[in-house]
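What follows is a single structure, written as structure tokens, with notes after it.
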Amino acid sequence: MKVIVTGATGLVGSEIIRQCLAKPEVTSVVAVARKAVAAKDPVNASKLKSVVISDYEVYPDDVRAQFAGADACIWTVAVTPFSIGKLPPPEVKRICQTCTIAGFKAMYEAETKKPFRFIYFSAEGTPTDLSKPPAFMAEYQIMRGETEKMVLGLSTRYPESKVCVVHPGVVTNSTSAGRIMIQSLFRFTNIFTRAIPNVDRDQLSAAAIELAVNGFPKDSLTNNELVGIGSKALKAGN
């Protein structure tokens, strides 16, 4: 199976790449990013193809050629709430919305296998009722909600595609001392409640790969559903 991963150098994208390379069912991984991606494990390095692009809205013919034969894409590219202040609003919208649709179209039209699975990363709490302005970061949240609706509509416009929107909460991980502390805190509180939606990076990555490889039961999945899918996939792989 051939899987495309966008945002391959990001926090989640890099872990998806690592797990994909270690998964026997995945025979080829196309890592799309704005800088080169290298396999950390030389044993499975031959499965990885690094594709460097300068803009997620533009896909030259040589890039599209790398998409041919792919079964699925895991799209992790977005501007997070923590980063929106670094860019003007029109650029935030372009990256989150315009680039997502452009990327899907480029892949769908690039002789990918059909039905083509597209897993889109949104976030827990993204509004579905856009007639009610959110109390927090309203413009950004509405834009993400609009993007979700556009992505879900792709399966109607492109009938040989299957689309799933995933909604992770806070992504915990152990990439730094501070993140380890946050991860430990959530793991403790999760014993009693998951009132603040959260998911370990390895769980989220495993869940996304499971959806890409084996399909999805519905077109929208919550944080808790991702935790369940990812945990089960990790246990099966051990």
Side-chain angles (χ1 to χ4, degrees), residues 2-14 16-17 20 28-37 48-81 83-84 86-123 126-128 130 139-168 208 211-212 216 219-220:
K2 182 174 181 178
V3 178
I4 303 167
V5 182
T6 65
T9 58
L11 177 67
V12 178
S14 58
I16 291 173
I17 295 294
C20 273
S28 178
V29 184
V30 180
V32 183
R34 285 182 288 189
K35 58 183 179 181
V37 177
L48 178 66
K49 175 63 179 181
S50 176
V51 174
V52 178
I53 60 173
S54 59
D55 189 334
Y56 282 102
E57 189 178 354
V58 180
Y59 297 87
D61 289 343
D62 61 328
V63 172
R64 290 172 182 251
Q66 299 299 329
F67 297 156
D71 299 271
C73 169
I74 302 173
W75 186 277
T76 72
V77 178
V79 179
T80 68
S83 303
I84 58 175
K86 300 176 183 178
L87 296 168
E91 180 64 6
V92 172
K93 182 176 182 177
R94 188 186 76 85
I95 293 171
C96 291
Q97 191 174 98
T98 307
C99 291
T100 302
I101 304 303
F104 171 88
K105 289 181 179 178
M107 294 172 194
Y108 186 85
E109 295 168 357
E111 298 184 13
T112 46
K113 291 183 180 178
K114 304 299 186 295
F116 181 64
R117 294 175 185 151
F118 190 77
I119 295 95
Y120 170 73
F121 272 56
S122 187
T126 299
T128 55
L130 303 181
E139 182 179 359
Y140 172 80
Q141 293 278 33
I142 289 174
M143 180 274 294
R144 293 303 300 267
E146 290 173 344
T147 304
E148 277 196 18
K149 290 185 180 297
M150 292 172 68
V151 169
L152 289 170
L154 290 171
S155 57
T156 300
R157 294 172 58 193
Y158 300 87
E160 289 188 292
S161 68
K162 293 184 180 297
V163 175
C164 182
V165 176
V166 297
H167 299 87
L211 299 175
F216 22 88
D219 62 10
S220 181

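No experiment lies behind these values; they were computed from the predicted model shown.
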Rounded to the nearest 0.5 Å, what separates atom [atom1] in [X] from atom [atom2] in [Y]?
{"X": "K93", "Y": "E139", "atom1": "NZ", "atom2": "CD", "answer": "8.5 Å"}
{"X": "K114", "Y": "R117", "atom1": "NZ", "atom2": "CZ", "answer": "13.5 Å"}
{"X": "T147", "Y": "I95", "atom1": "OG1", "atom2": "CD1", "answer": "12.0 Å"}
{"X": "L11", "Y": "I16", "atom1": "CG", "atom2": "CD1", "answer": "10.0 Å"}

**Request:** Would you check, one step at a time, whether the test side chain to side chain contact (heavy atoms under 4.5 Å, CB included) holds for F116 with C73?
**Result:** CA-CA 8 Å; F116 181 64; C73 169; 3.7 Å; yes
**Message:** Determine whether a donor-acceptor pair (N or O, by modelled atom type, separation under 3.5 Å) exists between the side chain of T112 and the backbone of A68.
**Reply:** no
**Request:** May I ask you to check whether over 12 heavy atoms, not counting those of K113, lie within 6.0 Å of atom NZ?
**Result:** no
**Message:** Would you say that more than 12 heavy atoms from the other residues, nucleotides or ligands in this model lie under 6.0 Å from the NZ of K2, or not?
**Reply:**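 Yes, because the 6.0 Å sphere around NZ of K2 holds more than 12 heavy atoms from other groups.
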Test item: [X] and [Y] side chains (from C-beta on) under 4.5 Å apart, heavy atoms:
{"X": "S161", "Y": "F118", "value": "no"}
{"X": "V32", "Y": "Y56", "value": "yes"}
{"X": "F216", "Y": "V166", "value": "no"}
{"X": "D62", "Y": "Q66", "value": "no"}

**Request:** Could you walk me through whether V5 and V37 pass side chain to side chain contact (heavy atoms under 4.5 Å, CB included), step by step?
**Result:** CA-CA 11 Å; V5 182; V37 177; over 6 Å; no
For a quick test of reading the model, state the closest non-hydrogen atom pair linking [X] to [Y] and the distance between them.
{"X": "A8", "Y": "A33", "result": "N-CB, 4.1 Å"}
{"X": "C164", "Y": "L211", "result": "SG-CD1, 4.4 Å"}
{"X": "L154", "Y": "V163", "result": "CB-CG2, 4.2 Å"}

Mind checking what makes side chain to side chain contact (heavy atoms under 4.5 Å, CB included) contact with [X], not counting sequence neighbours?
{"X": "P127", "value": "L130, P134, Q141"}
{"X": "P88", "value": "P90, E91"}
{"X": "S122", "value": "Y120, T126, R144, E148, V165, H167"}

**Request:** For residues 50-61, pull every pair meeting salt bridge (charged side-chain N to carboxylate O under 4.0 Å, His left out), keeping only residues two or more places apart or in separate chains.
**Result:** D55-R94, E57-R94
Distance-only criterion, 3.5 Å: show the donor-acceptor pairs between side-chain atoms of residues 99-110 and protein atoms not counting sequence neighbours.
residue	atom	partner	partner atom	Å
T100	OG1	W75	NE1	3.3
T100	OG1	C96	O	2.7
Y108	OH	E160	N	3.3

**Request:** Decide yes or no on side chain to side chain contact (heavy atoms under 4.5 Å, CB included) for Y59 and I53, but give the supporting numbers first.
**Result:** CA-CA 8 Å; Y59 297 87; I53 60 173; 4.1 Å; yes
**Pairing residues for F121 by the ring-ring contact (aromatic ring centres under 6.0 Å, His included) criterion, not counting sequence neighbours** =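 Partners of F121 under the ring-ring contact (aromatic ring centres under 6.0 Å, His included) test: none.
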